[in-house]
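Below you'll find the structure, written out as structure tokens, and then a few comments.
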Amino acid sequence: MASVLNEPIETRLFINGEFQFRDSSTKTTFDVVYPYTKEVVAQGMTPNKPRTNKIFSQSAPVQEATVEDVDDAVAAANAAFPAWRDLGTAQRGAYLHKLSKLILESNGELAKLETLSTGRPISHFFDAAMAAETFGYFATGGWSAQGTASLNTPDHLNLTVKQPYGVAALIIPWNFPLIMFAGKMAPALAAGNTVILKSSEKAPLTSLYVAKLIEKAGFPPGVINIISGHGNPAGAALSSHMKVRCISFTGSSLTGQKIQAAAAKTNLKHVLMELGGKSPAIVFEDADLEAAAAQTQFSIQFNSGQVCVANSRIYVHESVVEKFTRLFREKFEAVQLGDPLDPSTSHGPQIDVLQYNRIKEYLAIGEKDGKLTTGGDANDGYFVRPTIFEGVPEDSRLMREEVFGPVVAINTFSTEEEAIEKANDTEFGLYASVFTKDLDRAVRLAKALDAGTVGVNCTSPTNAKDGAFGGYKMSGSGREGILYSLDNFLETKTILIKTSKL
Ligand code: NAD
């Protein structure tokens, strides 16, 4: 294990362009644990507990940002803002381009760090390539910050222009940290904002690794600040900070509500929310059942079900449910559980004991309310086998709450109306899918389903690169994507110029 990483893990706070290796004011640090072996990757120092890191001998405790650290980061970002805003799109883009290249070159190390923190199989790591692509796109994407002009008001030239908010806070989850990092940071910077990114306490290491690359790319101090820490105090301090003008958040709906409330109670900062899901897939009797089964099982198995868009509810027409479930089950059970660092592993453990215990609670609910037909607790570390429940009533908590594990409920329907009603009977609305060869029906369903994305004969995580991503209802507000995210970090200003008559 000692040779897994080539370099020492960075665990300090990145504020004002330099790592500030200092104890947090509350003296707290925290551990990052490899979920497979439960070994400490980066070890917090608690009194009387010796440091015995096996993965990398020079590991240091992960620094937990305090309210004071957040204040420092905001002050640094605020001071750096005017110069960064006025630098211009081309020059800002040059920095983003450099960072894109550096991320791509670090693919191997980033893959190991993400696997060690999250337990996602290394064979499923595509994140560095995607993050590099996002920074690469926004290296020139800033040019599309455009307004309008009109002469419609007599004796006036009416202009609208787009301007950055100022200091933007970016708060990300642990399931795809690097992709979230890039998806928020690249457009925020391209638009001319300065940023503070708070990573998840469960997976801070790739964000800190990229902070080293940011130093290498030569970004001006204070433009990018990266802090580690829990929702409380660091996330809460950012959400209620009077000098933070906008927040882009991805995480659970519960945390989203807290952030929205904190923003409302302080300075009404602009808030973008990408939240949880309980995505339905509907399979009609005329569908290609083999393809539908292959795709829907991958959707809920990928990353051990820890995916916001995972289709956790599947509604199958009663006439084909037996055949569909057999095909689904064959593929679902064929996964390879094992060490996520081993390239042949396709199913890793849940990220930590909290997630694992939470899923076990839902397994118990499923067994009480419905019928477990395959899977369950693997009774091996934090592993949960790909699990199917059948016949779970629609009002069961298993059908209504986000499990965030490899657990699917397969139920039946007899009419199109019934399928739509069941699919929409949820407070979530992130992604829905429909499998049918009937084009009319596909279009009717695409229109009727309450979801930010509807897949026809495809399901999550499939997405178009230039699509708009986001949720209906409690799955969020606002949209992200290469064509949409820049606008999330821009204010619109009207400039009205009085002209003299001829
Ligand atoms: P989470 O809500 O627990 O945490 C997300 C982030 O918010 C973390 O950085 C956390 O430290 C921070 N946070 C927690 N409490 C906070 C507070 N009071 N104020 C400010 N910040 C706070 O979510 P998670 O467990 O990290 O991630 C899983 C959730 O994220 C799931 O619900 C999943 O569906 C959702 N998710 C959504 C999308 C999407 O694009 N819609 C993508 C990935 C994950």
Side-chain angles (χ1 to χ4, degrees), residues 30 62 64-65 67 70 117-118 120 127 169-184 196-204 206-207 226-241 244 247-266 269 271-279 299-300 302-312 350-352 354-356 358-359 401-405 426-431 451-453 460-461 463 467-481 484-485 488:
F30 60 93
V62 180
E64 163 111 40
V67 173
V70 168
S117 322
T118 67
R120 173 149 52 101
D127 312 40
L170 317 174
I171 302 180
I172 60 172
W174 49 264
N175 58 345
F176 295 94
L178 200 51
I179 290 171
M180 305 291 161
F181 181 112
K184 294 184 187 303
I196 297 116
L197 178 131
K198 192 198 87 60
S199 57
S200 164
E201 63 278 12
K202 294 183 204 269
T206 45
S207 294
I226 294 172
I227 58 175
S228 317
H230 288 77
N232 237 325
L238 282 171
S239 315
S240 55
H241 205 289
V244 171
I247 289 203
S248 178
F249 171 71
T250 297
S252 63
S253 300
L254 186 66
T255 305
Q257 286 176 308
K258 289 183 193 165
I259 291 176
Q260 191 111 320
K265 278 191 202 139
T266 52
K269 51 183 73 61
V271 177
L272 176 118
M273 297 273 164
E274 295 286 4
L275 308 175
K278 191 74 193 171
S279 296
S299 173
I300 186 68
F302 176 49
N303 201 11
S304 299
Q306 301 166 132
V307 181
C308 55
V309 286
N311 54 217
S312 49
Q350 308 310 130
I351 189 167
D352 65 2
L354 287 176
Q355 279 298 120
Y356 172 65
R358 184 186 141 94
I359 294 165
E401 298 172 12
E402 187 179 39
V403 176
F404 227 50
T426 169
E427 279 308 313
F428 294 107
L430 201 52
Y431 196 124
T453 300
S460 61
N463 237 317
F469 184 78
Y472 277 32
K473 304 182 193 169
M474 285 184 73
S475 288
S477 58
R479 294 292 177 268
E480 288 188 310
Y484 301 88
S485 292
N488 295 329

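Counting starts at 1 for both ligands and their atoms, in listed order.
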How far is atom 12 (C) of ligand 1 from its nearest protein heavy atom, and which residue and atom name does that atom have? Ile171 CG2, 3.8 Å
List every atom of ligand 1 that sits less than 4.0 Å from any heavy atom of His230, numbering the atoms from 1 in the order shown and giving each element. 11 (O)
Mind listing the closest non-hydrogen atom pair of Phe469 and Cys308 along with its distance? CZ-SG, 4.3 Å
Compare Ser253, Gly231, Ser240 and give the one whose heavy atom is closest to atom 14 (C) of ligand 1. Gly231
Students should be able to answer this: which protein heavy-atom is nearest to atom 3 (O) of ligand 1, and at what distance? Thr255 OG1, 3.9 Å
Under 4.0 Å, heavy atoms only, figure out whether ligand 1 is touched by the backbone of Leu275, its side chain, both or neither. backbone
Test Arg120 against Phe176 for side-chain contact (heavy atoms from CB on, under 4.5 Å), laying out the working first. CA-CA 9 Å; Arg120 173 149 52 101; Phe176 295 94; 3.4 Å; yes
Among all protein heavy atoms, pick out the one at the shortest distance from atom 26 (O) of ligand 1; state its residue, atom name and that distance to 0.1 Å. Trp174 CD1, 2.9 Å
Run the contact test for Gly471 against ligand 1 with a 4.0 Å cut-off on heavy atoms, strictly below, and give the result. no
Identity and distance of the protein heavy atom lying nearest atom 27 (O) of ligand 1: Pro173 CB, 3.4 Å
Within a distance under 4.0 Å of any heavy atom of Lys258, pick out the atoms of ligand 1 and give their elements. 18 (N)
For atom 21 (N) of ligand 1, which protein heavy atom lies nearest, and how many Å away is it? Gly235 CA, 3.5 Å
Are Glu480 and Lys184 close enough for a salt bridge, meaning some N to O gap below 4.0 Å? yes
Do me a favour and list the nearest non-hydrogen protein atom to atom 7 (O) of ligand 1 with residue, atom name and distance? Phe249 CE1, 3.2 Å
Please could you name the atoms of ligand 1 that Asn175 approaches to less than 4.0 Å, counting only its heavy atoms? 43 (C), 44 (C)
Does the residue Phe176 have a heavy-atom contact with ligand 1, meaning some pair of atoms that are separated by less than 4.0 Å? no
Side chain, backbone, both or neither: which applies to Glu274 and ligand 1 if a contact is any heavy-atom pair less than 4.0 Å apart? both
Closest to atom 38 (C) of ligand 1 (heavy atoms only, candidates Ala310, Gly277, Ala237, Cys308) is Cys308
Tell me whether Asn488 contacts the main-chain N or O of Arg479 through its side chain, where contact means a donor paired with an acceptor under 3.5 Å. yes
Mind checking whether Thr250 has an N or O less than 3.5 Å away from an N or O of ligand 1? no
What heavy-atom pair brings Ala65 and Ala234 nearest, and what distance separates the two atoms? O-CB, 3.8 Å
Ser239, portion touching ligand 1 at heavy-atom distance under 4.0 Å: side chain
Just let me know how Ser199 lines up against ligand 1, side chain, backbone, both or neither, with a heavy-atom cut-off below 4.0 Å. backbone
At the 4.0 Å heavy-atom cut-off, does Leu430 count as touching ligand 1? yes
Looking only at distance, does Ser475 have an N or O less than 3.5 Å from an N or O of ligand 1? no
Of all heavy-atom pairs between Ser240 and Thr266, which one has the smallest distance, and what is that distance? O-CG2, 3.2 Å
Answer with yes or no whether Lys202 contacts ligand 1, where contact means a heavy atom under 4.0 Å from a ligand atom. no
Set out, in order, the CA-CA distance, both residues' side-chain angles and the distance that settles side-chain contact (heavy atoms from CB on, under 4.5 Å) for Leu275 and Phe249, then state yes or no. CA-CA 8 Å; Leu275 308 175; Phe249 171 71; 3.5 Å; yes
So is Ala236 close enough to ligand 1, meaning a heavy atom under 4.0 angstrom away? yes
Which atoms of ligand 1 sit under 4.0 Å from any heavy atom of Ile259? 19 (N), 20 (C), 21 (N)
Under 4.0 Å between heavy atoms, the region of Glu402 that gets near ligand 1 turns out to be side chain
Give the residue, atom name and distance (to 0.1 Å) of the protein heavy atom nearest atom 40 (O) of ligand 1. Phe469 CE2, 3.1 Å
So if I count the atoms of ligand 1 from 1 in the order they appear, which ones are less than 4.0 Å from some heavy atom of Phe404? 28 (C), 31 (C), 33 (C), 34 (O)
Using a strict cut-off of 4.0 Å, indicate which atoms of ligand 1 neighbour a heavy atom of Met180. 42 (C), 43 (C)
Ligand 1 versus Leu254: contacting region, heavy-atom distance under 4.0 Å: neither
Any idea which protein heavy atom is nearest atom 35 (C) of ligand 1, and the distance to it? Gly251 O, 3.2 Å
Within the 4.0 Å heavy-atom shell around Glu201, which atoms of ligand 1 are there? 10 (C), 11 (O)
For Ile172, the atoms of ligand 1 under 4.0 Å from one of its heavy atoms are 6 (C), 8 (C), 9 (O)
